[in-house]
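Working notes, structure below.
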Amino acid sequence: MAATITGVGVGLGLSCSSKLTNRFSSSAGSSRCSVKMSVSVEEQRKNFTLKKSEEAFNVAKELMPGGVNSPVRAFKSVGGQPIVFDSVKGSHMWDIDGNEYIDYVGSWGPAIIGHADDQVLAALGETMKKGTSFGAPCLLENVLAEMVISAVPSIEMVRFVNSGTEACMGVLRLARAFTGRERIIKFEGCYHGHADPFLVKAGSGVATLGLPDSPGVPKGATYETLTAPFNDVSALENLFENNKGEIAAIILEPVVGNSGFIAPKPDFLNAIRRITKENGALLIFDEVMTGFRLAYGGAQEYFGVTPDLTTLGKIIGGGLPVGAYGGRRDIMEMVAPAGPMYQAGTLSGNPLAMTAGIHTLKRLKEPGTYEYLNKITGELTQGIIDAGKKAGHAICGGYISGMFGFFFTEGPVYNFEDAKKSETTKFARFYRGMLEEGVYFAPSQFEAGFTSLAHSSDDIQHTITAAEKVKMRFLF
């Protein structure tokens with residue numbers, strides 16, 4: 001499901017560093033901050049090397065499992081040398097070999113206003129003068145909580161934590177406590193962090209590496225986890241019929257991002273909302289990825305479907321470690337110390353994450369933000385698909401606002417089984433070719449991509465031109 005391009009971006013008047021160049025939108029009449037490639041594409045390809053990354057990564061493999069601290073970073077599904085990065089700014093990244101890339105990973109989602117934003121960095125600098133962690137309440141928690149509650153339709157109270165995984169762990173415990181039931185339903189290919197109950201037919205790194213359900217997870221931890229294919233209402237109805245009065249909640253990514261980009265069919269989310277209400281179960285939207293990205297109020301605002309509980313992360317921390325879960329007041333008041341459901345965290349609500357989140361959300365609320373994201377993401381996605389088809393490849397994809405994806409398969413892709421029909425070897429060759437052209441996508445066919453307010457029209461055109469070259473040069 002692709003959103004329609006609805007307008008031209010409005011400049012937000014960002015401040016720029018020495019690496020940045022102001023460009024002006026003739027239609028909007030405002031300045032927008034972006035990064036130009038510092039060398040020509042042909043010069044970058046000629047000089048492209050990952051020698052220093054290879055040396056650093058070989059050392060890292062002796063120090064950390066697989067040489068990384070999160071599996072998908074290891075390039076297992078695309079092959080070649082994993083990249084060790086040195087710096088980021090705006091829409092661009094630089095590795096330790098000096099290569100420059102246009103970035104469509106965005107730290108896996110948080111960098112929606114661009115990397116190392118000057119205003120956010122300045123605010124963090126002021127906050128750090130007061131201390132980095134209090135282990136006690138601070139006023140910044142109130143400010144960000146009020147912003148989240150006013151933005152997200154389902155949230156009347158919120159609890160901040162330190163990661164998306166932690167948010168999903170907490171919300172699952174809360175749903176079971178509130179309903180007095182233990183069984184949950186998740187969808188195949190949806191990823192809700194690495195907690196034991198969720199590592200059943202999971203997406204993200206589990207899908208990328210082709211792993212079975214993880215060793216070390218006790219059978220008892222997943223016994224109460226039921227699964228269904230995404231976009232399949234009949235399968236969902238059958239699960240409720242066969243488990244009457246036992247299901248506490250359904251948890252899902254309203255737009256799947258951890259199996260690649262997969263949008264819900266029309267009325268799928270409405271059907272889930274109806275089914276949960278009819279069966280006394282809670283509906284949980286995992287908006288760690290989609291929150292504040294599809295719309296200011298997340299996927300629930302975009303689709304007009306309000307869940308009972310919501311998890312957030314990524315964007316609400318502005319690039320710092322963060323997570324949150326929230327929802328109806330009567331449910332949230334079960335969380336300790338207001339109620340008996342225990343959950344705690346040493347760094348929860350720390351002033352740095354709160355500061356970065358506050359200033360990121362302020363920027364997102366400015367006029368034209370989501371229209372601009374929708375415009376550039378639509379151009380990018382269509383350009384990549386057109387380039388693939390022109391070169392004779394089976395390819396499909398879609399986008400909503402600042403989130404997109406494409407699959408090397410004819411499509412359509414409605415669920416994880418459809419996604420697995422993709423030619424992953426073809427994606428791997430495409431991926432490595434795009435690196436040489438100075439474009440950095442997620443190193444997996446089964447991950448969504450992200451744009452930001454820092455991406456310029458030049459970034460988008462460079463990427464499309466690179467895709468046209470690579471698909472002709474590498475894939476036949």
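Here the structure is a predicted model, which means the values were calculated and not measured.
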> Please walk me through it: do Phe441 and Phe406 pass ring-ring contact (aromatic ring centres under 6.0 Å, His included)?
Replying inline: CA-CA 11 Å; Phe441 290 119; Phe406 53 92; 5.6 Å; yes
>> Within the supplied structure, the quantity of interest is the number of heavy atoms (other residues, nucleotides, ligands) at a distance under 6.0 Å from His194 NE2; does it exceed 12?
In response: no
> Given the rule in the side-chain contact (heavy atoms from CB on, under 4.5 Å) test, do Leu140 and Thr127 qualify, once you have shown the distances and angles that lead to the verdict?
Replying inline: CA-CA 10 Å; Leu140 294 169; Thr127 298; 4.3 Å; yes
>> Suppose the criterion is salt bridge (charged side-chain N to carboxylate O under 4.0 Å, His left out): which pairs have a residue in residues 126-142, not counting sequence neighbours?
In response: Glu126-Lys129
>> For the CD atom on Glu333, are there more than 12 heavy atoms of other groups (residues, nucleotides or ligands in this structure) within a distance under 6.0 Å?
In response: yes
> Would you find a donor on one side and an acceptor on the other, under 3.5 Å apart, between the side chain of Ser77 and the backbone of Pro443?
Replying inline: yes
> Side-chain contact, heavy-atom cut-off 4.5 Å: Ile315 with Arg293?
Replying inline: yes
> How long is the span from the CD1 atom in Ile385 to the CD1 atom in Ile464, to the nearest 0.5 Å?
Replying inline: 10.5 Å
>> Under a 3.5 Å threshold, yes or no: a donor from one side chain and an acceptor from the other, between Glu287 and Thr290?
In response: yes
> Does Lys219 make a cation-pi contact with Tyr223 (under 6.0 Å, within 45 degrees of the axis)?
Replying inline: no
>> Restricting to non-hydrogen atoms, name the atom on Tyr296 and the atom on Ala151 that form the minimum distance, rounded to 0.1 Å.
In response: CE2-CB, 3.3 Å
> Taking all atoms of both residues into account, what is the closest heavy-atom pair of Gly349 and Cys138, and its distance?
Replying inline: O-SG, 3.9 Å
>> Under a 3.5 Å distance rule, please check whether Thr463 uses its side chain to pair with a backbone N or O of Asp459 as donor and acceptor.
In response: yes
>> Assess, by modelled atom type and distance only, whether the side chains of Arg173 and Gln343 contain a donor and an acceptor separated by less than 3.5 Å.
In response: no
> Does the Asn279 side chain pair with the main chain of Ala281, one donor and one acceptor, at a distance under 3.5 Å?
Replying inline: no
>> Checking Asn162 against Ser348 for the side-chain contact (heavy atoms from CB on, under 4.5 Å) test, could you report, in this order, the C-alpha distance in whole Å, the side-chain angles of both residues, the deciding distance, and whether it holds?
In response: CA-CA 6 Å; Asn162 297 291; Ser348 297; 3.4 Å; yes
> Do any N or O atoms from the side chain of Lys89 and from the backbone of Ala116 form a donor-acceptor pair under 3.5 angstrom?
Replying inline: yes
> Hey, is the main chain of Gly378 close enough, under 3.5 Å, to the side chain of Thr381 for a donor-acceptor pair?
Replying inline: no
>> I'd like to know whether Arg274 forms a salt bridge (charged side-chain N to carboxylate O under 4.0 Å, His left out) with Glu237, so could you lay out the CA-CA distance, the side-chain angles of the two residues, the decisive distance to 0.1 Å, and finally the verdict.
In response: CA-CA 11 Å; Arg274 171 184 56 80; Glu237 290 175 330; 3.5 Å; yes
>> Nearest 0.5 Å, please: how far is CD1 in Ile247 from CG in Leu239?
In response: 6.0 Å
> Taking the six-membered ring for Trp, is the centroid-to-centroid distance between Phe268 and Tyr414 below 6.0 Å?
Replying inline: no
> side-chain contact (heavy atoms from CB on, under 4.5 Å) between Phe303 and Phe285: does it pass, once the steps are laid out?
Replying inline: CA-CA 12 Å; Phe303 291 107; Phe285 276 8; over 6 Å; no
>> Less than 6.0 angstrom separating the ring centers of Phe446 and Tyr191, yes or no?
In response: no
> Between Thr360 and Val120, which heavy-atom pair has the shortest distance, and what is it?
Replying inline: OG1-CG2, 4.1 Å
>> For Leu226, run the side chain to side chain contact (heavy atoms under 4.5 Å, CB included) check against Asn242, Ile184, Leu236, Asn243 and tell me which one passes.
In response: Asn243
> Does Glu379 use its side chain to pair, donor to acceptor, with the backbone of Ile460 at less than 3.5 Å?
Replying inline: no
> If every non-hydrogen atom of Val105 is compared with every non-hydrogen atom of Phe450, which pair is closest and at what distance?
Replying inline: O-CD1, 3.3 Å
> Quick check: does any side chain N or O of Asp308 sit under 3.5 Å from a backbone N or O of Leu283, one acting as donor and the other as acceptor?
Replying inline: yes
>> For Ser401, is there any backbone N or O sitting under 3.5 Å from a side-chain donor or acceptor partner on Thr377?
In response: yes
>> Would you say Asn350 and Ser133 are linked by a side-chain donor-acceptor pair, where the criterion is simply a distance under 3.5 Å?
In response: no
> Tell me, do Glu447 and Asn258 make a side-chain contact under 4.5 Å, heavy atoms counted?
Replying inline: yes
> Just by distance, with hydrogens left out, do Tyr399 and Thr451 show a side-chain donor and acceptor under 3.5 Å apart?
Replying inline: no
> Which heavy atom of Asp330 sits nearest a heavy atom of Arg328, and at what distance?
Replying inline: OD2-NH2, 2.7 Å
> Measuring from Phe416:CZ to Thr227:OG1, what's the distance to the nearest 0.5 Å?
Replying inline: 12.0 Å
> Given Glu246, which of Arg176, Arg183, Arg181 fulfils the salt bridge (Lys or Arg N to Asp or Glu O under 4.0 Å) condition?
Replying inline: Arg183
>> Checking Tyr370 against Tyr302 for the ring-ring contact (aromatic ring centres under 6.0 Å, His included) test, could you report, in this order, the C-alpha distance in whole Å, the side-chain angles of both residues, the deciding distance, and whether it holds?
In response: CA-CA 11 Å; Tyr370 293 95; Tyr302 184 88; 9.8 Å; no
>> Are there over 12 heavy-atom neighbours, none belonging to Phe134, within less than 6.0 Å of that residue's CZ?
In response: yes
>> Regarding Thr276 and Arg273, do their side chains bring together a donor and an acceptor under 3.5 Å, going by distance alone?
In response: yes
> Does Leu172 reach the side chain of Phe198, with side-chain heavy atoms less than 4.5 Å apart?
Replying inline: yes
> What are the two closest non-hydrogen atoms of Ile262 and Ser259, and how far apart are they?
Replying inline: CD1-CB, 4.0 Å
> Between Asn231 and Ala263, is there a donor-acceptor pair closer than 3.5 Å when you use the side chain of the first and the backbone of the second?
Replying inline: yes
> Does Phe261 have its ring centroid less than 6.0 Å away from the ring centroid of Phe404?
Replying inline: no
> Can His462 and Val439 be said to form a side-chain contact (heavy atoms from CB on, under 4.5 Å), step by step?
Replying inline: CA-CA 9 Å; His462 172 93; Val439 178; 3.9 Å; yes
>> I need the Phe240 CZ to Ile185 CD1 distance, nearest 0.5 Å.
In response: 4.0 Å
> How many angstroms lie between atom SG of Cys190 and atom CG of Asp286, to the nearest 0.5 angstrom?
Replying inline: 8.0 Å
> For the side chain of His455 and the backbone of Asp103, is there at least one donor-acceptor N/O pair under 3.5 Å apart?
Replying inline: yes
